[in-house]
Every structure is written in C-alpha cells, then in structure tokens.
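Computed from a predicted structure; not experimentally measured. Each chain gets a letter, A, B and so on, in the order its sequence line appears, and its residues count up from 1.
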Amino acid sequence: MNFFTLEHTAAPGKARAARITTDHGEIETPVFMPVGTQGTVKAVNQRSLKEDINARIILGNTYHLYLRPGAQILEKAGGLHQFMNWDRAILTDSGGYQVFSLSELRKLKPHGVEFRSHLDGSKHLFTPAIVIAAERSIGSDIMMPLDECTPYPCDYLYAKKSQELTSNWAVLNKEAFENSSPLYGHRQFLFGIVQGSVYKELREKSAHDLMKLDFDGHSIGGLAVGEPAETMYETIDFTTDILPQNKPRYLMGVGKPENILEAIARGVDMFDCVMPTRNARNAYLFTWNGILAMRNAQYKDDFTPPDADCTCYACTNFTRAYLRHLFIAEEILALELASIHNLHFYLDLTREARKRILDGSFYEWKDLISKKLVRKKLTEKEKQ
RNA sequence: GCCGCUGUAGCUCAGUUGGUUAGAGCGCUUGAUUGUGGAUCAAGAGGUCUUGGGUUCAAAUCCCGACAGCGGUA
C-alpha cells in the first residue's frame with residue numbers, strides 16, 4: 001500500500017488533498033496533529049482524543065521520551081502505542097528543537113550534539129544514529145531526523161552552516177534508518193527536514209540535498225521562530241515549489257489558524273503546534289468567530305456557549321460563564337474542556353479545508369474565514 | 001477594668017534619625033504565547049496611611065484623645 005496518495009491539487013494555487021497510509025490507520029490531509037510530547041496530549045485522555053476530537057495521528061517527542069521514561073521502558077512496554085494505549089498513528093519529533101530550546105550546555109559537533117538534560121542535568125549525546133535508535137524503540141509511524149532548528153534572526157553565513165549541518169546529518173539519519181528495522185512489526189517512515197532560515201538559495205539547496213536521499217516525506221523546519229508572517233509564507237512558497245508532488249510536506253510547529261490556512265494554500269499537508277493545547281491551558285480559545293480570552297471579566301455572566309458554531313463537547317454542554325469560573329477557580333476541568341475545544345476546532349479547520357479543496361471553494365473560503373479568525377473578541381463599541 | 005502590642009492597596013506586610021509623586025508579594029484587569037513546563041513574560045488599575053486634634057517649614061513616621069483587633073492580667 002502506498003504511503004502517500006495525492007488526491008487533488010486545487011488550481012489555481014497549490015492547496016492539495018491527499019491520503020497517508022500507515023499501519024495504524026489512514027490520515028486524510030491537510031491534517032493537524034495534536035502534540036503529545038511525553039506520551040500524552042496534555043489534559044486530554046485517549047478516549048476523548050478519539051471520540052471528542054477524532055485525531056488520526058498525534059505527536060510524541062524523542063528528546064522527552066528518551067530522557068523519561070527512557071528507551072528500555074518503552075521497549076519493555078512494547079513501544080509507545082502499547083504503552084499509552086493509542087492504536088492510531090504517531091509521529092515523533094527528533095528532539096532537535098528541544099536540545100536547542102530546553103537543555104543547557106549544548107555543544108554542537110559535526111557528528112551530533114552534546115547536551116545536559118533539563119530534568120536532572122545529566123550529560124547526553126544525540127547523533128542521528130542515536131535518535132533513530134530511540135525512535136525505533138518508541139515505534140512511531142513517522143520519524144523525524146535529528147536536525148538543527150536554525151534560530152531567527154540569523155545571518156546568511158550561520159544559516160548556511162546550519163543548513164549544511166542538517167543536510168550532513170540527513171545522510172547519517174538515512175543510513176541509520178536503513179541499517180535498522182522496526183521493532184514491533186509495523187512500518188516506520190522517515191522524513192527529511194528542510195532548513196535554510198529565510199534564504200531562498202539555502203532552502204533550495206536544502207531541499208535538493210534531501211531529495212537525493214529519497215525520504216518518505218519532507219518537513220519544513222525553522223519557521224515561526226520570530227520572523228514576520230509574510231516572510232514565513234514566502235519561505236514556505238519557494239520551498240514547496242521545489243519539493244516533489246508525490247510526497248507529504250509537513251510544516252513543523254505551525255501555528256495559528258490563519259498561518260495553517262496560508263500554508264495549506266502553498267501546498268503543505270501536515271501541521272502540528274502546541275498553540276491549541278498550551279493556549280487552552282491559559283484560557284485562550286480559538287473559535288470560528290475569533291479569539292476568546294476566557295478569563296476576561298466580561299464573560300462572568302455570559303451564559304452562551306464558548307463558540308456557538310462549534311459542536312465539541314465543551315461548546316454543546318457548557319457556558320462561557322462556567323468555563324471562566326473553572327479557570328478563575330483553577331479547576332482541572334477548565335484545562336480539559338478548553339483543550340478539547342481548541343483541538344476540535346483545529347481539526348475541524350483542517351477537515352473543512354480538505355472538503356473545500358475537494359469541492360473547489362478553498363481559496364474564497366480561506367480569505368473569508370481568515371478575516372474572522374484573526375478578529376479578537378468583540379469590544380463593547382463593535383457590538384453597537 | 002488595667003497593662004502591652006498592632007491598625008499602610010482586595011489580602012499579607014515593608015516603609016531608615018520626620019524630608020520629592022507612599023512601595024513589594026499575592027490577588028485583580030488587559031495583552032503575549034508557534035517541532036509543550038498547568039510554566040513564563042509584559043503592561044495596567046487600585047491608597048483620605050483607622051479616626052479627631054496637636055507639634056513642625058515639612059508627619060505613614062513624634063505627642064494626646066477616640067475607635068477597632070490581638071495578647072496578658074484581676
């Protein structure tokens with residue numbers, strides 16, 4: 001069975017609908033993948049992830065899982081799917097990003113990166129081979145290779161060095177992948193990660209380097225790290241111009257709803273971001289009518305649903321006033337309900353995008369909906 | 001009843017030998033959050049310094065009275 005099947009590209013742009021087939025189920029794209037760093041999507045249990053959100057694929061993180069509980073425990077458990085009782089697909093990030101964002105005392109070497117654990121300060125080494133081995137132990141369906149997430153802003157010379165490092169590591173990642181096998185009887189796929197900061201020439205070089213290695217798919221990394229949104233869109237645009245049509249494209253760590261729609265328009269298939277879950281825990285709800293800061297005093301006696309256009313468990317059963325009360329009282333249920341809602345919204349957004357790509361109305365819909373999505377809550381003035 | 005201690009922001013409290021526009025933490029209000037720390041960061045509102053007198057160029061600060069709270073005591 002083909003891993004990737006392109007179903008439709010919506011002219012005149014590059015938006016596409018496709019199907020990814022793993023041994024843990026099919027994934028229709030465009031797709032948003034909830035982030036479950038440590039073997040759990042924070043505040044949302046597995047049953048809810050299926051029944052309330054209908055996620056087909058979630059993320060795990062190699063850096064976090066490698067440090068805790070560790071590869072041995074995961075192997076003893078029979079892999080992450082068994083360990084966390086999730087029989088749908090899992091994608092693992094390599095931990096390249098975490099080595100740079102979380103750990104201290106990291107030393108970048110040609111063969112890998114030395115770092116100290118953010119948990120206990122212990123010393124560790126990540127090389128492409130070590131990361132691939134860890135991802136074999138985890139047993140993720142789709143694996144990310146070790147890369148360097150180039151910071152922003154970044155001068156051309158540093159970006160060039162960084163891109164070359166990621167390309168060199170890509171070769172080693174691919175070798176380690178081919179010289180190892182899955183441990184649990186299901187197939188695992190490996191992507192290559194395009195780096196090169198905001199420089200067109202470097203992104204092109206990076207993409208071409210990876211294409212020679214024939215990965216199962218391509219990730220676009222190093223974006224949404226502080227650059228203006230327009231710069232991010234341009235970078236996505238000239239990167240997807242080069243990447244092959246017959247493989248999935250994954251924009252790592254992005255983003256806001258409007259970012260996702262713009263990236264879909266530029267030919268991206270897969271997304272992940274902490275925003276729906278992290279912001280949910282900070283009482284920040286994404287809705288079809290804009291952003292809802294659920295702690296705001298104006299909602300204390302607002303007995304309407306958080307989002308009247310949403311069919312999620314939270315919106316069909318509870319009011320803004322109740323949700324605000326839960327947040328102010330620091331009740332755990334607030335985190336759960338808000339997380340379910342935000343994930344439901346993000347998945348609905350990409351499902352709707354897919355539907356529109358297939359029926360030919362994507363671009364008009366995107367422009368229309370984007371204006372609503374970025375709108376903040378209505379002020380008293382706007383209501384009148 | 002008497003003796004002592006204490007009254008400063010919604011709460012807990014700083015506030016030098018009397019000296020510019022009285023501060024902090026928490027809470028509250030409003031933002032931010034992009035390959036996850038429920039974290040963090042930023043900005044803002046909020047005070048007749050219990051009250052009435054007095055001393056002084058100048059009082060949250062010193063003096064006298066009243067009121068309130070706490071502790072001790074008969």
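- Under the 30°/60° scheme for interplanar angles, the aromatic rings of A:Tyr199 and A:Tyr156 are found to stand perpendicular.
- Contact check, A:Asn282 against B:G38: no side-chain N or O comes under 4.0 Å of OP1 or OP2.
- Across residues 143-152 of chain A, A:Asp147, A:Cys149 each have a non-hydrogen atom less than 4.0 Å from an atom of RNA chain B (numbered order).
- A salt bridge does not link A:Lys200 with A:Glu234: none of the charged nitrogens is closer than 4.0 Å to a carboxylate oxygen.
- Inspection of the A:Asp120 and A:Ser117 side chains reveals an N or O donor paired with an N or O acceptor under 3.5 Å.
- For the segment residues 323-332 of chain A, residues with any heavy atom less than 4.0 angstrom from an atom of RNA chain B are, sorted by number, A:Arg324, A:Ile332.
- Side-chain atoms of A:Thr287 and A:His341 include no donor-acceptor pair closer than 3.5 Å.
- OP1 or OP2 of B:U34 lies within a sub-4.0 Å distance of a side-chain N or O belonging to A:Arg278.
- For A:Leu335 and B:A39, the CG to C1' distance is 12 Å, given to the nearest whole Å.
- Taking atom P on both B:G35 and B:G23, the two are 40 Å apart, rounded to the nearest angstrom.
- In this structure, a donor-acceptor pair under 3.5 Å is present between the side chains of A:Asn54 and A:Arg56.
- Atom CD of A:Glu336 is separated from atom C1' of B:G38 by 14 Å (rounded to the nearest Å).
- Annotation for A:His24 and A:Asp87: closest pair CD2-O, 3.3 Å, computed over non-hydrogen atoms.
- Contact annotation for A:Gln195: base contact, defined as any heavy-atom pair under 4.0 Å involving a base atom.
- Checked options A:Phe271, A:Trp288, A:Phe32; the residue passing with A:Tyr346 is A:Phe32 (criterion: ring pair (Phe, Tyr, Trp, His ring centres under 6.0 Å)).
- Comparing the same atom, P, in B:U56 and in B:G10 gives a spacing of 34 Å after rounding to whole Å.
- Stretches of at least 3 consecutive Watson-Crick or G-U wobble pairs, with each checked distance under 3.5 Å, appear in RNA chain B as B:1-7 with B:67-73, B:10-13 with B:23-26, B:28-32 with B:40-44, B:50-54 with B:62-66.
- The distance between atom CD of A:Gln38 and atom P of B:A39, rounded to the nearest whole Å, is 15 Å.
- A:Glu75 and A:Ser137 are linked by a side-chain donor-acceptor pair at a separation below 3.5 angstrom, with hydrogens and angles left out of the test.
- Among all heavy-atom pairs drawn from A:Arg16 and A:Phe4, the shortest one is NH2-CZ, 3.4 Å.
- Within residues 210-245 of chain A, the residues having any heavy atom closer than 4.0 Å to RNA chain B are, in order of number, A:Gly222, A:Ala224.
- Listed here is the closest heavy atom pair of A:Gln195 and A:Asp147: NE2-OD2, 2.8 Å.
- Rounded to a whole Å, the OH atom of A:Tyr284 is 14 Å from the P atom of B:U30.
- A:Ile138 has its CD1 atom 18 Å from the P atom of B:G35, to the nearest Å.
- Computed from coordinates, the A:Lys42 NZ to B:A39 C1' distance equals 10 Å when rounded to whole Å.
- A gap of 14 Å separates the C1' atoms of B:G44 and B:A9, to the nearest Å.
- Counting only N and O atoms by type, the side chains of A:Asp272 and A:Tyr250 include a donor and acceptor under 3.5 Å apart.
- With both ends at atom C1', the span from B:U73 to B:A14 equals 33 Å, rounded to whole Å.
- Nearest-nucleotide mapping onto RNA chain B: of A:Arg295 and A:Gly36, the residue sitting toward the 5' end is A:Arg295.
- Within residues 253-276 of chain A, the residues that place at least one heavy atom under 4.0 Å from RNA chain B are, in residue-number order, A:Gly253, A:Val254, A:Gly255, A:Lys256, A:Asn259, A:Asp272, A:Cys273, A:Val274, A:Met275.
- A pairwise comparison of heavy atoms in A:Ser219 and A:Met252 identifies CB-SD, 3.6 Å as the closest pair.
- No hydrogens or angles considered: nothing links the side chains of A:Glu51 and A:Tyr313 as a donor-acceptor pair under 3.5 Å.
- For A:Tyr322 and A:Phe303, the distance between ring centers is not under 6.0 angstrom.
- A:Asp301 is linked by a side chain to side chain donor-acceptor pair (under 3.5 Å) to nothing, counting only residues two or more places apart in sequence or in another chain.
- Residue A:His64 has a polar side-chain atom (N or O) positioned under 4.0 Å from OP1 or OP2 of B:G37.
- Taking atom P on both B:U6 and B:C13, the two are 13 Å apart, rounded to the nearest angstrom.
- The same atom, P, is picked in B:G53 and in B:G47; the two are 22 Å apart, to the nearest Å.
- Separating the C1' atom of B:G7 from that of B:U51 is a span of 11 Å, rounded to the nearest Å.
- Between A:Arg116 and A:Tyr63, the shortest heavy-atom contact is O-OH, 4.2 Å.
- Rounded to whole angstrom, the span from the CG atom of A:Asn279 across to the P atom of B:U40 amounts to 16 Å.
- Centroid-to-centroid, the aromatic rings of A:Phe286 and A:Tyr284 come within less than 6.0 Å.
- Comparing the P positions of B:U50 and B:U8 gives a spacing of 6 Å, expressed to the nearest Å.
- In this structure, the CG atom of A:Leu67 is 12 Å from the P atom of B:G37, given to the nearest Å.
- Considering all non-hydrogen atoms of both residues, A:Thr29 and A:Arg354 come closest at O-NH1, 3.0 Å.
- Which of B:U33, B:U29, B:G35 sits closest to the side chain of A:Ala297 comes down to B:U29.
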